[in-house]
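Sequence lines set the chain letters: A, B, ... in the order given, protein chains first and strands last, and positions in each chain run from 1. Hydrogens, waters and symmetry mates are skipped; everything else that's a heavy atom, side chains included, is used.
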Protein chains: 2
Amino acid sequence: MDIKTLCLGMLTSGEATGYDLKKRFEGTFSHFYTAGYGSIYPALADLAESGMVTCTEVAEQGKPAKKIYRITDMGTESFKKSLGGNDCPCHKVKSEFLAMMYFAQFMDPKQVSGLLQHRLQHIESTLDMLKTITAETSNEQTGPAFVRGFGETILKAAHDYISAYKIEQGSTSDHQLPGTRQDASGQ
Amino acid sequence: MDIKTLCLGMLTSGEATGYDLKKRFEGTFSHFYTAGYGSIYPALADLAESGMVTCTEVAEQGKPAKKIYRITDMGTESFKKSLGGNDCPCHKVKSEFLAMMYFAQFMDPKQVSGLLQHRLQHIESTLDMLKTITAETSNEQTGPAFVRGFGETILKAAHDYISAYKIEQGSTSDHQLPGTRQDASGQ
DNA sequence: TGCAGCATGTAATTTGTTACATGATTAA
DNA sequence: TTAATCATGTAACAAATTACATGCTGCA
């Protein structure tokens, strides 16, 4: 599924600007998809050109005119069809974190520790964000609820696993000074 | 981290051909990175050209000459440096599965069920593969062990989550016939 | 005084995927 | 006889990232 289809899907729940969609990619969608302005704006332009969405310009002062996009009936149809025609959707992970951890033996133990700490913090902030969104949303539909729950589950499992490993390393090994442990300077 | 660096890293544990590396991408690495021949072969050619690896051709009958790659000292140095210069490694998920599930309301319940079933099976086969690799490997180093354990943990958590959701849907709702449930035709 | 937020977009570059091209051996 | 395994590679294509370009408002 490309960004274009995803933008179209997002518009099924109401009008939005490119800027709005970006915020969604940073929110609920952030744990399973990424997209920047460089893909969102061209996607919306394409969708408008092919009649999937309409675009209403609203003049703003001191900013470029706001472009409000709304999905058309054709757009909704097309979106449903693209959902229907995919019974083998992929789920891919691309992790520099795991790749580096795989080669931990080539790294300074301090760097490894920093890496783990960094990842834990990232997981925690994502988890916080998901919680905030849940609190703000009422009457959540099963789809979004499933996806959010999935994210929370996986994130918690990852957090537990990394935490357990850190404790194990901290207590068993000698390559980390007991007094200095959990220092984790790098951010 | 690009495929080139990853190939270089893989070669730290011994000589290999492009074909060998592809198999590794299908094995231990499959749950956090993907790469096809189209990226591996050019990567190895680049590495050889820049002196990171050496290449020995061994003639074979009925096949193209086998090219055995070995990492050089310069290659090892370069690899260590690229590991050291990355204290904020990303961990990205790109999931068509979750994207589709987010929009479950636009899909036929049967398709949703098939989607879940399909994902469960994929998780199971990946888990089996990881188990097989573990059985075959003795004296595993901490890096690879951490990564494999991470994969198992996350995969199990995902499996449990999806299974629990299927049961919930199967028992509570009326949009699935009790007699036909868990049929999951699509593969 | 400076930064974050709002708001849009383009162009070059990077990166990886897909399809193509070849061809012997071996097990089912 | 059919498919899988071994074994290499290229060229066209698709997709997304990054850097660039602009500029007001409001808060600290």
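B:Tyr41 places its OH atom 18 Å from the P atom of C:dA21, with the value rounded to the nearest Å. As a whole-Å value, the separation of B:Ile40 CD1 from D:dT10 C1' is 15 Å. Following rounding to the nearest Å, B:Glu49 (CD) and D:dG9 (P) show an atom-to-atom distance of 13 Å. For A:Glu96 and D:dT17, the CD to C1' distance is 13 Å, given to the nearest whole Å. Atom CG in B:Leu44 sits about 12 Å away from atom P in D:dT10, given to the nearest Å. At whole-Å resolution of the value, NZ in B:Lys23 and P in D:dA4 are 16 Å apart. The nearest whole Å value for the distance from the CZ atom in A:Phe25 to the P atom in D:dA15 is 15 Å. Spacing between atom OH of A:Tyr37 and atom C1' of D:dA16 amounts to 16 Å, rounded to whole angstrom units.
Of the two residues near DNA chain D, B:Gly18 and B:Lys94, the one whose nearest nucleotide lies more 5' is B:Gly18. Across the interface with DNA chain D, nearest-nucleotide mapping of B:Ala45 and B:Lys66 shows B:Lys66 to be the residue nearer the 5′ end.
Using a 4.0 Å heavy-atom distance criterion, B:Ala65 is classed as a sugar-phosphate-only contact. Note on A:Gly38: a base of the nucleic acid sits closer than 4.0 angstrom, heavy atoms only.
The listed nucleotides are C:dG9, D:dT17, D:dG9; the one nearest the side chain of B:Tyr69 is D:dG9. For B:Pro64, counting side-chain heavy atoms from C-beta on, the closest listed nucleotide (D:dA16, C:dG16, D:dA7) is D:dA7. Taking the side chain of B:Ile3 as heavy atoms from C-beta on, and the options C:dG16, D:dT8, C:dT8, the nearest nucleotide is C:dG16.
Under the 30°/60° scheme for interplanar angles, the aromatic rings of B:Phe103 and B:Phe106 are found to be tilted. Relative orientation of the A:Tyr165 and B:Phe146 rings is perpendicular, given thresholds of 30° and 60° on the angle between their planes. Relative orientation of the A:Phe150 and A:His91 rings is perpendicular, given thresholds of 30° and 60° on the angle between their planes.
For D:dT8, one of the phosphate oxygens OP1 or OP2 lies less than 4.0 angstrom from a side-chain nitrogen or oxygen of B:Thr17. Side-chain nitrogen and oxygen atoms of B:Ser39 include none within less than 4.0 Å of the OP1 or OP2 phosphate oxygen of C:dT15. Taking side-chain N and O atoms only, A:Thr34 has a distance below 4.0 Å to OP1 or OP2 of D:dT17. Listed pair B:Tyr19 / D:dC6 meets the phosphate criterion, a side-chain N or O lying under 4.0 Å from OP1 or OP2.
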Verify side chain to side chain donor-acceptor pair (under 3.5 Å) between B:Asp2 and B:Thr5, making sure each step is shown before the conclusion. CA-CA 6 Å; B:Asp2 57 11; B:Thr5 311; 2.7 Å; yes

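In terms of heavy-atom proximity, B:Met129 sits nearest to B:Ser30 at CE-OG, 3.9 Å.
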